[in-house]
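Single-structure report; data block below.
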Amino acid sequence: MKTFDKLPGHEPSTPLLDSLKTLDALKNFSSSDLSLLADEIREFLLYSTNHSGGHFGAGLGVVELTVALHHVFNTPRDKIVWDVGHQAYPHKILTGRKGKMLSMRQKNGLHPFPSRDESEFDAFGVGHSSTSIGAALGMSVANSTNKYISVIGDGAITAGMAYEAMAHAGSIDKDLLVILNDNNMSISNNTGGMSNYLAKIWSSRWYIQIREGGKSVLRMIPSAKRFAKKTETHIKGFLSPGALFEELGFQYIGPMDGHNLKDLVRTLRNINDLSGPVFLHLVTQKGKGYLPAEKDPIKFHALSKIESSSGKNNGPKYQEVFGEWLCEKAESGDESLIAITPAMSEGSGMTEFAQRFPNQFFDVAIAEQHSMTFAAGLACEGKKPVLAIYSTFLQRAYDQLIHDVAIQNLDILLAIDRAGFVGEDGATHAGIFDLTFLRCIPNLTIMVPANENECWQMLEFGYSLKGPVAVRYPRGNAPGENIEKNINTIEFGKAKTLRLMESSRIAILSFGSLLDISEKVAKEIDATLVDMRFVKPLDESLLMELSHSHDLFVTVEENVIAGGAGSAVNEFVNANSLSVKLLNFGVPDEFPIVGSPEDQKEAALLTKENLLAKIKSKLAKL
């Protein structure tokens, strides 16, 4: 295997990769050709991701697996379902998209995750974790003539959904291959020659013939059959960690070296002849082949674009504001504070807190549902949980939020990160639905900061409230406002009027992160501008007052229009039979494009120019 200590600045030569006009030719590659092809893919991945940005370490860790899968199986007829999909860049390179890799995560470019709209080789659209086993099983039930492979990581397999799917697969005995890409050795450290030898033995025709033949002979003697099965399981359990998967109904193979291409091909060929659910456990290294990533896989999980960002906001990142607030709360001696994250400690700005206050910190892994109910249990016993969760992942804990938290009116603070457009990861990670699905939950207070000062003060204020509270803030850098830590200007359910123009016919009601655009529009048309701050409860007294002196309410939010903050204003106006007219700006009824947050706002018509044009058009009709 070829290794690299720096990122290529120029496009590398890839003669073998370029010779593959179709993947049919890959079937004829020799073992040495496959190894050279893997080297070419790894080097090109280093080059392309260095220029486009994107997920990095996980893809490097599955180069050999990707080559082996496409060599052994008849893709795209046989389906490979990549869990999460951040490790699928080598798959995209190998399946005819090499020439477009530099457009990854850009407007009109390649999707950052597998997408059925992009290629017939992308069997299932992904982005969130732990879905691959269930999806592949569904495909296998629908069409038993093809092979179906789920590739899932050791992080994703910790989620309950993965085990639900495995339990179902074992009970119906359909053909399904689940490949565990174990790049943290979280299940076992048992690698090396013996485990590879056992993997090859356990997948060999000889072993399977003995196993199946024994079943046939013992079919009429149930007690003996059960004894033989238990004996086989326990013997393997002495030598491997596979007993759990065997109990779920899978034939377990492994653990084996996921970078040994020759052994991978041999084992996959053996598995291809098997029937029923099979579990292949591979031990890989995140960042394999790029020495800096091997040494620091967390740092090299993803890369930014080679060119520097031209972002206009120069304040701290919102997750940094949250992390600093969290540390200061703990420093004050508040031992009731418990911080929780479902596997997003770094992204949520909690690394320092986790190091300094380990007894008050819980990373529950990829288990959003559990994180919410765990927080509920803590609150029942007098603790004050703060659950930091991305907006897109909060969707997975919705039942628990209603049933376990809101109905019981428990004191829990939700720090909802990545709300609104998140940019290059596209629709799967967009946080554009939370106001809609949160607003309808009784007992829940919802706040939307427009800058880092409001974010800090809302976290502080929300922490002091009784009952469940959500503070929703966007991804990226804040505008650069001074944080007033010792002065809290937040009043429950009260907005802040920034410009009161009594002679104006227009009042712009801005909810959260789009205050900058709202402010520019308000100045240009000399309109009243209100920083609403609360989505629930609304500042109804202010709305009533403004309705007497204005003809048009314009709502602006970074959430879907349907059911969002603007809808809350509409409901208030209609319920009180007010004569004021309404114009709502937000995300239209379509998923965001792949591109930067600015690209996504432009596509959603959330620009100063469009707001001005629509407001003037509406005003002309009044």
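Both backbone and side-chain heavy atoms feed into the values below; hydrogens, waters and symmetry mates do not.
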- Identify, with sequence neighbours excluded, every residue that meets side-chain hydrogen bond (donor to acceptor under 3.5 Å, both in side chains) alongside S391. D434
- Query: Heavy-atom count around K27 NZ within 6.0 Å, excluding the residue itself: above 12?
  - Reply: yes
- Query: Would the number of heavy atoms belonging to other residues, nucleotides or ligands and lying under 6.0 Å from CG of N28 be above 12?
  - Reply: yes
Test item: side-chain donor near acceptor, [X] and [Y], under 3.5 Å:
{"X": "T392", "Y": "H128", "value": "yes"}
{"X": "S119", "Y": "D122", "value": "no"}
{"X": "H281", "Y": "Y252", "value": "yes"}
{"X": "R269", "Y": "H71", "value": "yes"}

- Taking only Lys NZ, Arg NE, NH1 and NH2, and the carboxylate oxygens of Asp or Glu, determine whether D417 and R475 approach each other closer than 4.0 Å. no
- Query: Taking the side chain from S129 and the backbone from V84, do they hold a donor-acceptor pair closer than 3.5 Å?
  - Reply: no
- Message: Checking the side chain of D83 only, and the main-chain atoms of S130 only, is there a donor and an acceptor separated by less than 3.5 Å?
- Response: yes
[X] vs [Y] aromatic rings, parallel, tilted or perpendicular, using cut-offs 30° and 60°?
{"X": "F245", "Y": "F279", "answer": "parallel"}
{"X": "F591", "Y": "F433", "answer": "perpendicular"}
{"X": "H91", "Y": "W82", "answer": "tilted"}

- Here the salt bridge (Lys or Arg N to Asp or Glu O under 4.0 Å) pairs for residues 284-297, sequence neighbours left out, are none
- Task: Identify which one of E368, R418, Q395 satisfies the side chain to side chain donor-acceptor pair (under 3.5 Å) criterion when paired with Y390.
- Result: R418
